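Residue numbering restarts at 1 for every chain, and letters A, B, ... go by the order of the sequence lines. Not measured: the values here are computed from a predicted model.
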There are 2 protein chains.
Amino acid sequence: MLSRASKYAILSTLFLAQHSSEERKISVKEIAESIDVPSPFLAKLFQQLVRGKIISSTKGPHGGFYLSEKNKMKNVLDIIENIDGLNKINSCFMGLNECDSTNPCPVHFIVEPFKNNILGKFRDKTIMEFAKEISDKGRLLTLKDISPSFEEPHE
Amino acid sequence: MLSRASKYAILSTLFLAQHSSEERKISVKEIAESIDVPSPFLAKLFQQLVRGKIISSTKGPHGGFYLSEKNKMKNVLDIIENIDGLNKINSCFMGLNECDSTNPCPVHFIVEPFKNNILGKFRDKTIMEFAKEISDKGRLLTLKDISPSFEEPHE
DNA sequence: TTATTAAAAGACCTTTTTATCTTTTAATAG
DNA sequence: CTATTAAAAGATAAAAAGGTCTTTTAATAA
Ligand code: FES
Ligand code: FES
């Protein structure tokens with residue numbers, strides 16, 4: 001449904017929304033470590049997001065990535081569109097050529113409401129609104145393994 | 001969410017449920033053509049489904065694939081488990097290491113109800129019940145392009 | 001018992017996705 | 001200016017997914 005590349009891109013962009021500004025730009029390395037994503041891969045994704053005007057960058061000392069005022073108005077679906085295109089996320093769950101209600105696959109009427117729901121979520125809020133909401137609600141933004149270890153090392 | 005392999009396997013097995021029997025076994029070639037799937041690839045999948053006791057086969061003249069009485073009691077989730085394993089379909093939509101409500105990703109509470117819904121659908125009916133339901137409801141079981149052409153060729 | 005049929009098995013190939021590495025460009029601090 | 005910093009660009013590589021082909025095995029009809 002979403003490529004790993006899109007997932008990385010969404011999490012990283014939301015991370016930028018929460019932690020960067022024009023005065024506080026963030027390097028690929030820092031973001032890659034924070035959300036636990038391979039940094040050369042993320043660097044490639046960021047190049048593409050910059051070209052797609054989803055995020056911004058400057059080179060040199062204190063350079064890095066950040067969101068301009070225009071960038072802040074984009075939404076999560078713009079990120080997905082930029083990385084995967086829209087076909088992938090709109091495609092039929094069972095792989096039929098067309099996902100539509102006139103020729104539905106066996107699970108179409110379960111999938112469609114969900115798809116509308118999540119596409120709405122990704123479209124109807126700006127990156128900044130989305131980022132605020134998830135920080136208010138305490139949603140996770142890292143791929144790091146956070147599961148507690150079975151026993152604390154002790155004496 | 002589902003690999004193409006799983007999708008092929010599900011559609012093909014449902015096709016067997018609808019069209020085959022111990023007296024009327026069906027060859028890979030026939031199924032592959034009916035649902036428009038590459039036949040050598042489907043042959044590999046079927047080998048695996050036979051080993052997993054999801055479908056049955058016999059070699060030789062009038063041989064082919066069919067569902068035994070035991071096979072008919074399996075469900076769609078058994079197919080998915082056999083091809084993809086269960087991890088893939090249970091994984092987090094955003095790629096987090098764990099999908100659970102205590103450490104939810106930004107879309108967890110949209111995804112979870114859908115996932116329960118569709119997993120229920122795949123688990124609570126036998127292959128035969130599922131196959132009957134979709135034929136009653138007229139759901140599509142082919143990957144063929146069925147979209148009407150823009151204009152009929154004429155004089 | 002032989003020829004034929006169709007699956008099983010396993011080697012192999014191609015494409016896509018994911019990931020890495022090296023060189024170049026641009027910004028800026030000193 | 002010059003050294004340094006960090007992204008851009010682009011080549012390359014590794015892994016996974018998807019797909020094909022050839023040989024072997026088993027069933028059966030003639
Ligand atoms: S037709 Fe399959 S999900 Fe819509
Ligand atoms: S934690 Fe992401 S879907 Fe459940």
Side-chain angles (χ1 to χ4, degrees), chain A residues 1-12 16 20 22-33 35-68 71 80 83-85 87-88 91 95 143, chain B residues 1-9 11-13 16 20 22-33 35-68 71 80 83-85 87-88 91 95 143:
Chain A
M1 214 138 199
L2 286 185
S3 67
R4 204 179 285 199
S6 269
K7 292 170 186 170
Y8 292 171
I10 293 169
L11 296 177
S12 305
L16 281 183
S20 79
E22 291 217 43
E23 299 77 46
R24 161 101 178 89
K25 292 160 189 165
I26 306 187
S27 72
V28 168
K29 193 160 169 290
E30 185 179 343
I31 300 170
E33 282 168 7
I35 66 175
D36 199 32
V37 143
S39 79
F41 190 56
L42 186 57
K44 282 282 125 186
L45 292 174
F46 269 13
Q47 279 180 35
Q48 192 176 333
L49 291 172
V50 170
R51 282 196 297 271
K53 304 202 192 304
I54 314 285
I55 66 178
S56 301
S57 67
T58 52
K59 296 178 178 180
H62 304 115
F65 296 91
Y66 65 98
L67 301 184
S68 69
N71 294 155
I80 296 170
I83 303 290
D84 283 347
N87 284 351
K88 187 166 181 163
S91 63
L143 269 28
Chain B
M1 213 138 198
L2 285 185
S3 68
R4 204 178 287 199
S6 270
K7 292 169 187 172
Y8 291 171
L11 296 177
S12 305
T13 304
L16 281 183
S20 79
E22 290 216 44
E23 298 76 48
R24 160 102 178 89
K25 292 160 191 167
I26 307 187
S27 71
V28 168
K29 191 160 169 291
E30 186 179 343
I31 299 169
E33 281 167 8
I35 65 175
D36 199 29
V37 142
S39 79
F41 190 55
L42 186 58
K44 283 280 126 186
L45 292 175
F46 270 12
Q47 278 180 37
Q48 191 175 335
L49 291 172
V50 170
R51 282 197 298 271
K53 307 203 190 305
I54 313 285
I55 67 178
S56 301
S57 68
T58 52
K59 298 178 176 178
H62 305 116
F65 296 92
Y66 65 99
L67 301 185
S68 69
N71 295 154
I80 296 170
I83 303 288
D84 283 345
N87 285 351
K88 186 165 182 163
S91 64
L143 267 27

Task: Length of the CZ-P vector between B/Phe41 and C/dT14, whole Å - done: 17 Å
Open item on the list: To the nearest 0.5 Å, what is the distance between NZ on B/Lys25 and OG on B/Ser56?
Closed with: 9.0 Å
Open item on the list: I'd like to know if the side chain of A/Lys88 pairs up with that of A/Ser3 as donor and acceptor (distance under 3.5 Å, no hydrogens or angles considered).
Closed with: no
Open item on the list: Output the rounded distance in Å from NZ (B/Lys29) to P (C/dA8).
Closed with: 17 Å
Open item on the list: Of the options D/dA8, C/dA6, D/dT20, whose atoms approach the side-chain atoms of B/Pro40 most closely?
Closed with: D/dT20
Open item on the list: Both B/Val50 and A/Ser3 contact DNA chain C. Which one's nearest nucleotide lies toward the 5' end?
Closed with: B/Val50
Task: Candidate nucleotides C/dA6, C/dA8, D/dG18, ranked by approach to the side chain of B/Ala5 - the nearest - done: D/dG18
Open item on the list: Under 4.0 Å, heavy atoms only, any strand: does B/Phe65 hit a base, just the sugar-phosphate, or nothing?
Closed with: sugar-phosphate
Open item on the list: Do A/Phe65 and A/Leu42 have side chains that approach each other closer than 4.5 Å (heavy atoms only, starting at C-beta)?
Closed with: no
- [ ] Using whole Å, report how far CG of B/Leu2 lies from C1' of D/dG18.
- [x] 16 Å
TODO: Send over the distance from A/Phe46 CZ to C/dT20 P, rounded to a whole Å.
DONE: 16 Å
Task: Rounded distance (Å) that lies between atom C1' of C/dA7 and atom NE2 of B/His62 - done: 15 Å
TODO: Quick one: label B/Leu45 by what it contacts on the DNA or RNA (base, sugar-phosphate, nothing), any heavy atom closer than 4.0 Å.
DONE: nothing
Task: Nearest-neighbour nucleotide for the B/Lys44 side chain, D/dT20, C/dC21, C/dA6 considered - done: D/dT20
Task: Validation row: B/Ile83, B/Leu49 side chains within 4.5 angstrom (heavy atoms) - done: yes
- [ ] Return the value, rounded to whole Å, for the distance between atom CG of A/Asn87 and atom P of C/dT16.
- [x] 15 Å
Open item on the list: Check this one for me: any side-chain N or O of B/Thr58 less than 4.0 Å away from OP1 or OP2 of C/dA6?
Closed with: no
Task: Rounded distance in Å - NZ (B/Lys59) to C1' (C/dA6) - done: 9 Å
Open item on the list: Please tell me if B/Arg51 has a side-chain N or O lying less than 4.0 Å from either OP1 or OP2 of C/dA8.
Closed with: no
Task: 5' precedence on DNA chain D between A/Gly63 and A/Gln47 (nearest-nucleotide basis) - done: A/Gly63
Open item on the list: Which is more 5' along DNA chain D, the nucleotide nearest A/Ser57 or the one nearest A/Gly60? Just name the residue.
Closed with: A/Gly60
Task: Upstream residue (5' side of DNA chain C) when A/Pro61 and A/Arg4 are each assigned their closest nucleotide - done: A/Arg4
Open item on the list: Under 4.0 Å, heavy atoms only, any strand: does B/Ser39 hit a base, just the sugar-phosphate, or nothing?
Closed with: nothing
Open item on the list: Can you tell me how far apart CE (B/Met1) and CD1 (B/Ile80) are? Round to the nearest 0.5 Å.
Closed with: 10.0 Å
Task: Euclidean distance, B/Tyr66 OH relative to B/Glu22 CD, rounded to 0.5 Å - done: 4.5 Å
TODO: To the nearest Å, give me how far apart OH (B/Tyr8) and C1' (D/dG19) are.
DONE: 9 Å
- [ ] May I ask you to say what A/Pro38 touches in the nucleic acid, namely base, sugar-phosphate or nothing, with a heavy-atom cut-off under 4.0 Å?
- [x] sugar-phosphate
